[in-house]
Amino acid sequence: MFADISFPISSYKVFVYRIPEKLEHTVEVGVRVRVPFGKRTDQGVVVSLFKKTKFKGKILSIKSVVDETPIFDATLWKLLNWVSDYYLTPIGQVMSTAVPKQLNLSYKPMQQLMVHAGTISQTDLDNLSENAPVQFKVMRFLLERDGTIPVAHLNRIVTNVSSICNALEKKGYVSIQKVPRIPDLSSLSLFPRPKEVKFTKEQQGVITRLSDSMDAKRFQSFLLHGVTGSGKTEIYLQLAKMAESKGRASIILLPEISLTPQIAGRFQAEFGDRIAIWHSQMSPAERAWTWRQICSGAYSVVVGARSAIFSPLKNVGLIIVDEEQESSYKQESPAPRYHARNVALMRGKLSGALTVLSSATPSMESYYNQVVGKIYYLRLKRRFGGAKYPQVHMVDMIEERKKTEDYKTPFSRLLKDKIEDRLKKGEQVILLQNRRGFSPIVSCRDCGYVEMCRNCQISLTYHKVGNILRCHYCNFEKPTSISCRECQGSRLMLGGIGTQKVEEALVEYFPQMRLVRMDWDTTRKKGAYVHILRDFGDGVYDVLLGTQMIAKGLDFDNVTLVGIINADTGLFLPDFRAGERTFQLIYQVAGRSGRGEKPGEVVIQTNNSDSPVIKTAARLDLKKYYNICLSERRELDYAPFSWMARVEFSGKDKGNVRQVANEFTKSLQKKPKSLQVLGPAPCPFEKIRGNYRFQIIFKSPKEKDRNGTTLHNFLKKNLLNSSRMKRRKGVNLHVDVDPISLL
Ligand code: ADP
Ligand code: ZN
């Protein structure tokens, strides 16, 4: 017997090895083995088995087997290979994204010592008390508590815990056990509350349709387009339960698990210890341990962010991608630059699983797929419990400033009045300002000089906290200067509005208000996010002010007002998705208002009241905006009407970057007629983290390239050649298939 073995290195190849007879029963697909590799012994993964090989060279033998059970199965291996092929990334690199690195070391799961008090007679206890007071103290502590506790907890009452526990164990009074340490999830989930659920007719219709599809055990994909608050989360839960009852596992993808603690909490409440949570804040050890547990079949559900799509569950019957339009599903760096939504569809196909993309604001891609019938479409039009959609007011801030002659305040009179009204009534408010810091631009009134980051072509943001200027790309910081660096003038001006500035204005207007700010700067500490939300839910604060972090998945009954301080943030970014993103953000955050019995309102402040994006968002007219957006995209052959890819060139020397990009473009071969090549041109943000960046964009209209094979084959021909993608003249090249940002 022979086996193909893959190594976790950046290589396109697998290597063939002989399976010695004594190992024939233990070597299977997905098991790691030790093999001679060059002069060393290395560890690789078995990816396929066969009786004969055509390979003519010398074939070495597998030395030993590392795992008793496979660390993934054949389906997952197929998926990883698909990712490798589709995203033009070596399988070794795909492996290091998908499979925890620590598994490649001789990893031992984290363990902790647990101690349990056995029975002890009163005489023995008295004896102990007299002759060994410290042991007695521990013994009494243990007897007062039933069950098993971590030895480490005894640190609080005595110093040399392990020797004391050992002494007690020798006497037969306690038993000590080593057990794996279960990752602490309490910082990630909120309100794990069981709930009485009776589905509405509309919800039941959706559930029936989806569960029928699940029973068919064939791959089918759906776009579940349900307004915010329509009960999508409850439907996921119901489906996952149905899958479990049929012995099938579920994967629930959330955009960023630490930002969606409410949903994680709901799942935990229903599934208890049969659910694994897979998130970015896990330590490598937790990751490895959880992976192992999933392999061993300990869980029926994995809830997690992007990379949870690779979790080694067997027999997957259900895959859900919640908020499928979110850009965090795309891995930007390092390669593979995969989109978890895409991978989910492929995994669904390979596993014969029901795959549901879900959102209140679908991505243009999924919406288009629904229009052309590539994906089934299900709607939930009603909010649960009859909650009405909020009433939306738009304020033209240009007019407002003219009328009030106040050019400084971030607030319109209307928004101020409504906030005051809510404070009086004891209702809560969410305010969105999608920019952190105090002001995003510091400029000189005399010469117009703008303080820029020295590594990036980005203006520095003034942070009042710490009185510093900071780059939001590379975190470069410097103290604020009092005079202009160009002309030494002293009339520096703070332009634009960040969350800190809004906070300052709020405190000035409403000194009594209990306000909490939530942005990257206030949530860097682990668990901080959940803390703030928990307190807000408990009514500790009147107002929650934040960046787009607060737009997602929050469900608070008492919030009856949402204010968008500046709806135009991001609208004019030079990217074809800028409009779509802005619309989705406004629509999503508006959905946070009036989710309970009290009706909600939304105030949108804008300088662009004529913009179709803002106008349609203010009317919550999704269909209209999506149609406008789709027709623009069609005209310009952008996604979803074209398959797209980009190649980026970056390096310290601008001339070299340009030159390599030009040479590369000239050397492209066998360009199909229908393929459009844009560039090379500097990226809109030309310099980031000290690197100059150029890009080429490829567009292949779907009319002529239905399945994307034309573009894919062209890219493979031109890019799968490692010498072409090699770093040269200090310039790095990388390819991004289906890019979601062209910035
Ligand atoms: P979505 O995910 O679509 O925004 P949720 O699933 O969060 O909506 O539902 C909104 C609120 O309504 C939640 O508090 C949820 O628990 C509740 N809810 C939805 N459907 C039901 C139901 N059938 N029975 C009881 N509560 C429900
Ligand atoms: Zn920078």
Side-chain angles (χ1 to χ4, degrees), residues 327-328 330 332-334 337 432-445 447-481 483-487 492-502 519-524 546-549 565-579 581-582 585 607 646 648-655 657-658 661 679-695 697 731-732 734 736 739-743:
S327 53
S328 62
K330 171 87 173 173
E332 291 287 5
S333 181
R337 295 178 168 77
L432 171 79
Q433 173 58 9
N434 199 16
R435 269 227 165 117
R436 63 196 171 89
F438 192 86
S439 333
I441 290 178
V442 182
S443 60
C444 171
R445 235 181 253 272
C447 73
Y449 175 78
V450 175
E451 284 269 14
M452 303 288 284
C453 174
R454 64 163 184 216
N455 309 316
C456 311
Q457 208 181 47
I458 306 282
S459 65
L460 291 172
T461 296
Y462 172 62
H463 283 245
K464 198 149 200 173
V465 183
N467 198 28
I468 46 161
L469 298 173
R470 183 184 291 146
C471 170
H472 287 181
Y473 268 81
C474 71
N475 276 332
F476 166 74
E477 276 181 12
K478 64 184 232 181
T480 317
S481 37
S483 56
C484 173
R485 290 214 318 186
E486 280 297 290
C487 72
L492 292 183
M493 184 167 70
L494 295 174
I497 300 171
T499 46
Q500 291 178 9
K501 189 168 186 173
V502 177
D519 53 31
W520 191 81
D521 298 296
T522 63
T523 53
R524 263 183 288 178
T547 52
Q548 102 264 320
M549 272 184 190
I565 307 295
N566 179 4
D568 316 327
T569 317
L571 187 56
F572 298 107
L573 283 174
D575 186 279
F576 74 95
R577 283 193 175 84
R581 294 234 171 85
T582 306
L585 180 61
N607 294 325
R646 66 186 269 274
E648 186 182 306
F649 305 81
S650 63
K652 304 267 179 242
D653 184 290
K654 191 172 171 181
V657 177
R658 179 184 289 127
C683 299
F685 294 144
E686 190 177 354
K687 188 180 171 198
I688 295 221
R689 292 186 190 88
N691 283 308
Y692 288 93
R693 305 155 70 237
F694 275 65
Q695 64 184 356
I697 294 165
V731 178
N732 285 317
H734 77 246
D736 185 356
I740 57 155
S741 162
L742 303 181
L743 293 173

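- Note that OG of Ser443 is 8.0 Å distant from CG of Leu492, once rounded to the nearest 0.5 Å.
- Between Phe649 and Phe694, the distance from one ring center to the other does not fall under 6.0 angstrom.
- Residues Asn434 and Thr569 share a closest heavy-atom pair of O-CG2, 3.5 Å.
- A donor-acceptor distance shorter than 3.5 angstrom exists from the side chain of Thr480 to the backbone of Asn467, with no hydrogens or angles considered.
- In this structure, Lys687 and Lys654 have side chains that are not in contact, with every pair of non-hydrogen atoms separated by 4.5 Å or more.
- Side-chain contact between Thr547 and Trp520 is absent, with no heavy-atom pair separated by less than 4.5 Å.
- One distance of note links SG of Cys444 with CE of Met493; it measures 8.5 Å at 0.5 Å rounding.
- Defined by atom type and a distance below 3.5 Å, a donor-acceptor pair is present between the side-chain atoms of Ser481 and Glu451.
- Atom CD of Glu477 is separated from atom OG1 of Thr461 by 11.5 Å, given to the nearest 0.5 angstrom.
- Looking at heavy atoms from C-beta onward, Arg581 lies in side-chain contact with Ser327 at the 4.5 angstrom threshold.
- A distance of 6.5 Å separates CZ of Phe476 from CG of Leu460, quoted to the nearest 0.5 Å.
- Ser459 contributes a side-chain N or O that, together with a main-chain N or O of Pro440, makes up a donor-acceptor pair within less than 3.5 Å.
- The two atoms that bring Asp575 and Ile740 nearest to each other are OD1-O, 4.2 Å, heavy atoms only.
- Using a 4.5 Å heavy-atom cutoff, the side chains of Gln695 and Leu742 are in contact.
- The CD atom of Gln500 sits 12.0 Å away from atom CD of Gln433, with the distance rounded to the nearest 0.5 Å.
- Proximity of His734 to Arg337: side-chain heavy atoms (C-beta onward) are separated by under 4.5 Å at one or more points.
- Two residues are said to be in side-chain contact when any heavy atoms from C-beta on lie closer than 4.5 Å; Val465 and Asp521 fail this criterion.
- In this structure, Arg693 and Ser650 approach most closely via the heavy-atom pair CG-CB, 4.0 Å.
- Side-chain contact between Lys501 and Arg435 is absent, with no heavy-atom pair separated by less than 4.5 Å.
- Atoms SG and NE2, on Cys453 and His472 in that order, are 11.0 Å from each other to the nearest 0.5 Å.
- The nearest pair of heavy atoms linking Glu332 to Ser741 is OE2-CB, 4.4 Å.
- The side-chain heavy atoms of Cys683 and Arg646, taken from C-beta on, include a pair separated by under 4.5 Å.
- Residue Ile468 comes nearest to Pro479 through the heavy atom pair CG2-CA, 4.3 Å, listed as atom of the first residue, atom of the second, then distance.
- In terms of heavy-atom proximity, Cys474 sits nearest to Arg689 at CB-CG, 3.6 Å.
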